[in-house]
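This structure is a prediction, so every number in the text was calculated from the model and none was measured.
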Amino acid sequence: RGAGVFWGPDYTKEFLKTNHLGLVVRSHEPPIQGFEYWHNKRVLTVFSASKYCGQDNQGAYLVLDPHLSYAIHSFLARTAAGPTIAVKMQRDMARAVTTKMIIECVCANKAALYSAFEGLDTANSGMVSKD
């Protein structure tokens, strides 16, 4: 589309230093393998749309751990109906992350939740009705 800004590795290095960062992750351009490093591996382009606009590119996504280490996963979309293995893996990963977040939230608020449930269990039955 002709809009955008080009910059060199010197600007990337200075930006990272100034902001105490180790990597710039960006998107918008579809690399053939779904991701591509630039500027001495200080800039990473990640593009999640496989076969973008009929092209033959792979898609990719990052998985970050709590310490901000990451793994890159590439995939190629199928043209046939039904989810690809990569889509199933993404869905399973999203479920696992969501489950972990719910468990952490419940554990962090255990006392308040217990107190709230006790208040709703007026018959001391150990059960609370959703009604």
Side-chain angles (χ1 to χ4, degrees):
R1 297 182 297 208
V5 176
F6 292 96
W7 74 95
D10 53 336
Y11 283 98
T12 298
K13 186 176 180 179
E14 183 63 30
F15 174 83
L16 293 173
K17 181 180 175 185
T18 300
N19 293 285
H20 309 288
L21 299 171
L23 180 69
V24 173
V25 180
R26 62 175 298 275
S27 190
H28 190 64
E29 298 176 63
I32 294 299
Q33 63 187 35
F35 69 95
E36 188 171 1
Y37 284 101
W38 300 88
H39 302 177
N40 301 315
K41 290 194 164 187
R42 290 186 176 115
V43 175
L44 174 60
T45 298
V46 180
F47 197 77
S48 62
S50 174
K51 297 188 178 183
Y52 180 70
C53 293
Q55 296 181 46
D56 214 14
N57 68 293
Q58 294 182 25
Y61 60 95
L62 295 181
V63 176
L64 297 170
D65 71 19
H67 306 287
L68 298 181
S69 295
Y70 63 91
I72 303 171
H73 298 272
S74 294
F75 61 94
L76 187 62
R78 293 189 324 190
T79 53
T84 64
I85 292 173
V87 169
K88 289 178 185 175
M89 287 173 54
Q90 284 178 313
R91 184 176 53 219
D92 292 345
M93 187 176 303
R95 283 184 186 144
V97 168
T98 302
T99 301
K100 182 179 181 218
M101 290 172 63
I102 291 170
I103 290 169
E104 289 172 354
C105 185
V106 168
C107 289
N109 297 286
K110 182 178 178 180
L113 288 168
Y114 189 76
S115 177
F117 286 135
E118 275 187 326
L120 294 171
D121 182 16
T122 56
N124 288 331
S125 65
M127 294 186 278
V128 177
S129 172
K130 67 178 181 177
D131 299 326

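Looking only at side-chain heavy atoms (C-beta outward), Y70 and V46 stay at 4.5 Å or farther from each other.
Scanning both residues, V63 and H73, for their nearest heavy atoms gives CG2-CD2, 3.5 Å. Contact record, E29 with T45: O-CG2, 3.6 Å, taken as the closest heavy-atom pair. Listed here is the closest heavy atom pair of T12 and R42: CG2-CB, 3.7 Å. Closest heavy-atom contact between A60 and I72: CB-CG2, 4.3 Å.
Using modelled atom types, one side-chain atom of S74 and one backbone atom of Q33 make a donor-acceptor pair closer than 3.5 Å. A donor-acceptor pair under 3.5 Å is formed between the side chain of T98 and the backbone N or O of A94.
In this view, F15 and N19, L21, V24 satisfy the side chain to side chain contact (heavy atoms under 4.5 Å, CB included) rule, not counting sequence neighbours. Partners of D92 by salt bridge (charged side-chain N to carboxylate O under 4.0 Å, His left out), not counting sequence neighbours, listed by chain and number: R95. Qualifying side chain to side chain contact (heavy atoms under 4.5 Å, CB included) partners for Q55, counting only residues two or more places apart in sequence or in other chains: P30, Y52, N57. Applying the salt bridge (charged side-chain N to carboxylate O under 4.0 Å, His left out) test to K110 and every residue at least two apart in sequence or in another chain returns nothing. Not counting sequence neighbours, E36 has no partner by the salt bridge (charged side-chain N to carboxylate O under 4.0 Å, His left out) test.
Residue M93 is grouped with residue F75 when hydrophobic side chains (ILVMFWY) are merged at heavy-atom distances under 4.5 angstrom, including chains of intermediate members. Cluster annotation: Y11 is connected to V43 through the hydrophobic network of ILVMFWY side chains, with a link wherever side-chain heavy atoms come within less than 4.5 Å.
Atom CZ of R26 sits about 9.5 Å away from atom CG of L44, to the nearest 0.5 Å. Note that the CD atom of Q58 and the CZ atom of F35 stand 8.5 Å from one another [nearest 0.5 Å]. Interatomic distance, D121 CG to Y114 OH, rounded to the nearest 0.5 Å: 9.0 Å.
Other residues sharing the hydrophobic cluster of I102, ordered by chain and number and joined by side-chain separations under 4.5 Å: V106, L113, F117, L120, V128.
A 6.0 Å sphere centred on OH of Y37 holds more than 12 heavy atoms belonging to other residues, nucleotides or ligands. For D65, the CG atom is densely surrounded, since the number of other residues' heavy atoms within 6.0 Å is greater than 12.
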